[in-house]
Amino acid sequence: MHLRCVIFDMDGTLTETNRLIFDSFNYIVKKYHGRTMPDHEITALFGPPEEGALVKIVGEDLLETAMAEYLEYYRKHHKTLARLVPGMKEVLDDVRQAGRIIALFTGKGIHTTTITLEECGIRDYFDAIVTGNDVQEHKPSAEGIRKIMEQFDLNRSEVLMVGDAVSDVKAAREAGIPIAAVLWDSYGKERVLNMKTDFVFHAVRDFREWLRKHMVGVSA
């Protein structure tokens, strides 16, 4: 594999943000409906950015207000409920040191993506960022991957997708690029394990060691 570009997913891959996401949605559900939703009901809403999920919860008329409330809660509780996955900053350092293109392809909306990148201190690592607001067809569509490949004139053999979810695997398959499934914080771990993936990693240390071996220019 002649690797020129690594495309990372965000939630569950670079960051431990799943609890923050679930709690942020339940803050809205509790406020407007007086109840909470189990995690699996919230993940069933995933695909489009947060607006697409919230409209199903509060309706079109209340969407703007609920979105502002969601973002306020998300930002306020980020430090206590979310963090960068330990060891992933060093992975990003390795990729940058090797002179490879670092891209982000996330289903998150632009607002929560920006908050998390800033709170985790990794915004400046990325040569390209594609969020759920930047595509017409959301994950598991490969539109975001294709945008990145076109931007940097990349061939399929030169790109690696790194993600934790079924949608990441499907997007990589549609794009025809290899997928490294990383399962240290995956809410869909069992489903991903039942899929055909190219590489599977359960620990950041193992992923980092493997990636370093596939990038010329990273010294041991």
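Residues: numbered from 1 along the sequence shown.
Results of the side chain to side chain donor-acceptor pair (under 3.5 Å) test with Glu119 over Lys79, Arg83, His78 single out Lys79 as the only residue that passes. Of the candidates Thr131, Val130, Leu14, Leu14 is the only one forming a side-chain contact (heavy atoms from CB on, under 4.5 Å) with Leu104.
Between Gln136 and Ser141 the shortest side-chain heavy-atom distance does not fall below 4.5 Å. Looking at Phe46 and Phe25, their side chains come closer than 4.5 Å, going by heavy atoms from C-beta outward. The shortest distance between side-chain heavy atoms of His202 and Asp206 does not fall below 4.5 Å. Side-chain atoms of Glu51 and Val55, non-hydrogen and from C-beta on, never get closer than 4.5 Å to each other. With a 4.5 Å cut-off on side-chain heavy atoms, His138 and Val135 count as touching. Residues Tyr32 and Thr65 form a side-chain contact, since some pair of their non-hydrogen atoms from C-beta on lies under 4.5 Å apart.
The hydrophobic cluster containing Leu81 also contains Met37, counting ILVMFWY residues as joined when their side-chain heavy atoms lie under 4.5 angstrom apart, directly or transitively. Criterion: ILVMFWY side-chain heavy atoms under 4.5 Å apart, direct or through other members. Under it, Met161 and Ile102 are not part of a common hydrophobic cluster. Two different hydrophobic clusters hold Val169 and Tyr187 under the rule that ILVMFWY side chains link at heavy-atom gaps under 4.5 Å. Grouping the Ile, Leu, Val, Met, Phe, Trp and Tyr side chains by contacts below 4.5 angstrom, directly or via other members, places Val166 with Phe105. Note on Ile110: it does not cluster hydrophobically with Leu20, by side-chain heavy-atom contacts below 4.5 Å among ILVMFWY residues.
A pairwise comparison of heavy atoms in Gly163 and Asp168 identifies CA-OD2, 3.5 Å as the closest pair. When all heavy atoms of Ala181 and Val192 are compared, the pair lying nearest together is CB-CG1, 3.8 Å. Closest approach of Leu63 to Leu54, counting heavy atoms only: CD1-CB, 3.7 Å. For the residue pair Gly109 and Pro49, the shortest heavy atom distance occurs at CA-CB, 3.7 Å. Looking at every heavy atom in both residues, Pro140 comes nearest to Lys170 through CB-CB, 3.5 Å. Heavy atoms only, all atoms of each residue included: Arg123 and Thr114 are closest at NH1-CG2, 3.7 Å.
Relative orientation of the Trp184 and Phe207 rings is tilted, given thresholds of 30° and 60° on the angle between their planes. Aromatic ring pairs are classed by plane angle as parallel below 30°, tilted from 30° to 60° and perpendicular above 60°; the pair Phe201 and Trp210 is tilted.
Interatomic distance, Leu62 CG to Glu69 CD, rounded to the nearest 0.5 Å: 9.0 Å. Remark: Ile57 CD1 to Leu45 CG distance equals 5.5 Å, nearest 0.5 Å. How far CG of Leu117 is from CZ of Phe126: 6.0 Å, rounded to the nearest 0.5 Å. The CG atom of Leu3 sits 7.0 Å away from atom CE of Met215, with the distance rounded to the nearest 0.5 Å. In this structure, the separation between OH on Tyr27 and OH on Tyr70 is 13.0 Å, given to the nearest 0.5 Å. Here OG1 of Thr116 is found 10.5 Å from CG of Leu84. Values are rounded to the nearest 0.5 Å.
Side-chain atoms of Asp198 come within 3.5 Å of backbone N or O of Ile179 as a donor-acceptor pair. No donor-acceptor pair under 3.5 Å is formed between the side chain of Thr112 and the backbone N or O of Lys108. Between the side chain of His77 and the backbone N or O of Tyr73, at least one donor-acceptor pair lies under 3.5 Å. No donor-acceptor pair under 3.5 Å is formed between the side chain of Asp127 and the backbone N or O of Ile101. Checked by atom type and distance alone, the side chain of Ser186 pairs as donor or acceptor with a backbone atom of Asp164 at under 3.5 Å.
Salt bridge status for Asp11 with Arg19: absent, with no side-chain N to carboxylate O gap under 4.0 Å. Salt-bridge annotation for Asp93 and Arg208: absent, with no side-chain N of the basic residue lying under 4.0 Å from a carboxylate O of the acidic one. Taking the charged nitrogens against the carboxylate oxygens, Asp9 and Lys139 do have a contact shorter than 4.0 Å, which makes a salt bridge.
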Q: For Asp94 and Arg100, run salt bridge (Lys or Arg N to Asp or Glu O under 4.0 Å): C-alpha distance rounded to whole Å, both residues' side-chain angles, the deciding distance at 0.1 Å, then the answer.
A: CA-CA 9 Å; Asp94 287 346; Arg100 300 305 191 262; over 6 Å; no
Q. Can you check side chain to side chain contact (heavy atoms under 4.5 Å, CB included) on Thr43 and Phe22, steps first, answer last?
A. CA-CA 8 Å; Thr43 58; Phe22 295 146; 3.5 Å; yes
Q | CA sep, side-chain torsions, deciding dist, call: Phe199, Val182, side chain to side chain contact (heavy atoms under 4.5 Å, CB included) | A | CA-CA 8 Å; Phe199 313 100; Val182 294; over 6 Å; no
Q. Lys30 and Arg35: side chain to side chain contact (heavy atoms under 4.5 Å, CB included), yes or no, with the steps?
A. CA-CA 5 Å; Lys30 181 77 170 177; Arg35 64 181 182 89; 5.9 Å; no
Got a list of side-chain donor-acceptor pairs under 3.5 Å for residues 146-160, not counting sequence neighbours?
{"from": "Arg146", "atom 1": "NH1", "to": "Glu174", "atom 2": "OE2", "distance (Å)": "3.0"}
{"from": "Glu158", "atom 1": "OE1", "to": "Arg4", "atom 2": "NH1", "distance (Å)": "3.2"}
{"from": "Glu158", "atom 1": "OE1", "to": "Asn155", "atom 2": "N", "distance (Å)": "2.8"}

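Counting non-hydrogen atoms of other residues, nucleotides and ligands closer than 6.0 Å to CZ of Arg191 gives a total of 12 or fewer. Under a cut-off of 6.0 angstrom, the local environment of CD in Glu90 is crowded, with over 12 non-hydrogen atoms contributed by other residues, nucleotides or ligands. Within 6.0 Å of CD on Glu72 lie no more than 12 heavy atoms contributed by other residues, nucleotides or ligands.
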